[in-house]
Amino acid sequence: AAPAAQRRARPDLGARPSAASGPLADLVAWVDEIAALAQPDRVHWVDGSAAENDALLREMVDEGKLIKLNPEWRPGSYLARSHPSDVARTEARTFIASEREEDAGPTNNWVAPDDIRATITPLFAGSMRGRTMYVVPFSMGAVGGPLSHIGVQVTDSAYAVASIGIMTRVGAAVLDEIAGGKPWVKTVHSVGAPLAPGEADVAWPCNDEKYIVHFPDTLEVWSFGSGYGGNAILAKKCFALRIASVIGRDEGWLAEHMLLIRVIDPAGKAYHVAAAFPSACGKTNLAMLRPTIPGWRVETLGDDIAWLRPGSDGRLWAINPEAGFFGVAPGTGESTNVTAVETLWGNTIFTNVALRPDGDVWWEGLTDEAPAELIDWEGKPWTPDSGRPAAHPNSRFTVSAAQCPQIASDWDAAEGVPLDAILFGGRRATNVPLVVEATDWTHGVFIGSTISSERTAAAEGTLGELRRDPFAMLPFCGYNMGDYFAHWLKVGQKLRFDRAPRVFQVNWFRKGSDGRFLWPGFGDNSRVIDWIVRRLNGEVGAVDSPIGRLPHTADLNLDGIEVPQRDLDELFAVDTESWLREADLTEEFYDTFGERMPAALRAELEALRYRLGHR
Ligand code: OXD
Ligand code: MN
């Protein structure tokens, strides 16, 4: 066969913006540079139109990369099955390539920028041969909004293009912004599976070798080898969290792993709440909460990422920079998150869920009973006796936010919403009460910095091994976590003390000594929000405890549910001995940040020990 260089006369560069000089010409030059390196057969500038999206999806169906679901049950929807090895974010292959190692900090994998470029550039060389390279201009936040940021992703994955189209705002309006001189983030993605001439493609191309590399100093992301959303939709975790956290550090705002909701009380008064929980702790469920208490409503604004910026009014303003939900399917059902189930009625890309014989999808938890026959996520026949899950535990749905039946009508508003409360949560069987209020911003930052989940469900009074996930940002903070804590403290100083959001820690997962969950959770978590709102309004008092302000249990709205007083007492118990042990673990954790650990948070830890009666 002729060498590739002879065979491929010149790639088809497609319809692209024409500009002789200026920012658009710079963009075109950058795209040409990537194309010269990766050598795709074609370059396609994505305009974000419905016709383009339809054609892309049709092509993927023809190529066997998507299965079109039965439109009678799931119109406009598709199933993708990944390579069995490419099913999740690969934290061990995720790198922060800051100039200085100490700027990445102890919680990130640091690599020297020059070294990693020398490693990955050869991998990208020719990596798109036989494929189309798509150029996707996208905006995080409403196009042109004061809190919004833009970027461009080049990718050889049509699946990524379709997903970015749902998760962000894509199209020509972003090119206009670039033309106007707005800074943009460069993101490059290749599945790393070049095709030889005549070679048939596979359903999910990827590479065993994976690199997800962030260059915070030059605002770039380079991702190689994976098609999985968290590694391939670079606008999301890579840009909107890791890179944006660095931009926020430098500009005075916060990029956070938070859901965003509007809570409306029976009197019609609205409150805005952001909440950070580690992955798989029910963020999407809280984002789509249906209160079980009469008269209360929740409107969804976002389920995964929030950008928070101090306003000139002394309040903290928040937007959800995304335009869709990339949620975990298993466990999403009528009883746990009916709103999500309704959101998924159509126009959804499912990945690694099971296929029903009637051409619809299924996953564990969608219904109580599994269908008698399915095709599992790997494409194999499955019955309830198969002894393995039908859907992959990290199987996903990708769907437009606008499709959510309780989405706030102004979810897209460029200026965002002013926050009234921030919640931090984890999955804790012990110690952490159902809800506790921080005494002030610094104490709130202390709580955020100590967020953790138990690795194993522990019995009451014993402390399992804690997986620390400060601010639920452990895998997502693009810089030194010690500096990040300090930045949170600094942002607080820009807020008016009487207008700053109040901070609460919540824990839906506390267990009794008998191993039972003490709190019903899900829709009943609205009862905790009810208490928080009444605290904001100064309608109820609180009990000072060593760990913060606890509810008088009589103030909790428990109408319609049965929670024995014994369980309530356990839900709010503060055990001095195990809190002192927890304080020791927090100190060990803080020590890992060395001199970057803010003194104000060490002082909070000492104050906690003092309140626990330990001098
Ligand atoms: C996610 C995550 O995919 O947090 O949202 O892992
Ligand atoms: Mn997340």
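Whatever order the structure lists ligands and atoms in, that order sets their numbers, starting from 1. Note that the numbering runs from 1 along the sequence shown for the chain.
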Salt bridge or not between Glu322 and Lys236? Use side-chain N to carboxylate O under 4.0 Å. yes
Of all the atoms in ligand 1, which lie at a distance below 4.0 Å from a heavy atom belonging to [X]?
X      : answer
Arg396 : 1 (C), 3 (O)
Asp304 : 5 (O)
His257 : 4 (O)
Lys237 : 1 (C), 2 (C), 3 (O), 4 (O), 5 (O)

Tell me, which protein residue and heavy-atom name are nearest atom 6 (O) of ligand 1, and how many Å apart are they? Arg89 NH2, 2.8 Å
Give the residue, atom name and distance (to 0.1 Å) of the protein heavy atom nearest atom 2 (C) of ligand 1.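 Going by distance alone, atom 2 (C) of ligand 1 is nearest to Ser279 OG, 3.2 Å.
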NE2 (His257) to the Mn ion (ligand 2) to OD1 (Asp304) angle, given to the nearest 10 degrees: 90°
Quiz item: cation-pi between [X] and [Y], 6.0 Å / 45°:
X      : Y      : result
Arg93  : Tyr211 : yes
Lys283 : Phe277 : no
Lys490 : Trp488 : no

Using the side chain to side chain donor-acceptor pair (under 3.5 Å) rule, take Asp524 and Trp519 through it: C-alpha gap first, then chi angles, then the decisive distance, then the call. CA-CA 8 Å; Asp524 286 319; Trp519 180 248; over 6 Å; no
Report yes or no: does Lys237 have an N/O/S atom closer than 2.8 Å to the Mn ion (ligand 2)?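 Given the 2.8 Å cut-off, Lys237 counts as a ligand of the Mn ion (ligand 2).
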Could you tell me if Thr348 and Arg74 have a donor-acceptor pair between their side chains, going purely by distance under 3.5 Å? no
Specify whether Phe446 and Tyr590 have parallel, tilted or perpendicular ring planes, treating 30° as the upper limit for parallel and 60° as the lower limit for perpendicular.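 Phe446 vs Tyr590 ring planes: perpendicular.
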Between Phe277 and ligand 1, which residue portion shows a heavy-atom distance shorter than 4.0 Å: side chain, backbone, both, or neither?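 For Phe277, there is no contact with ligand 1 at all, from either part.
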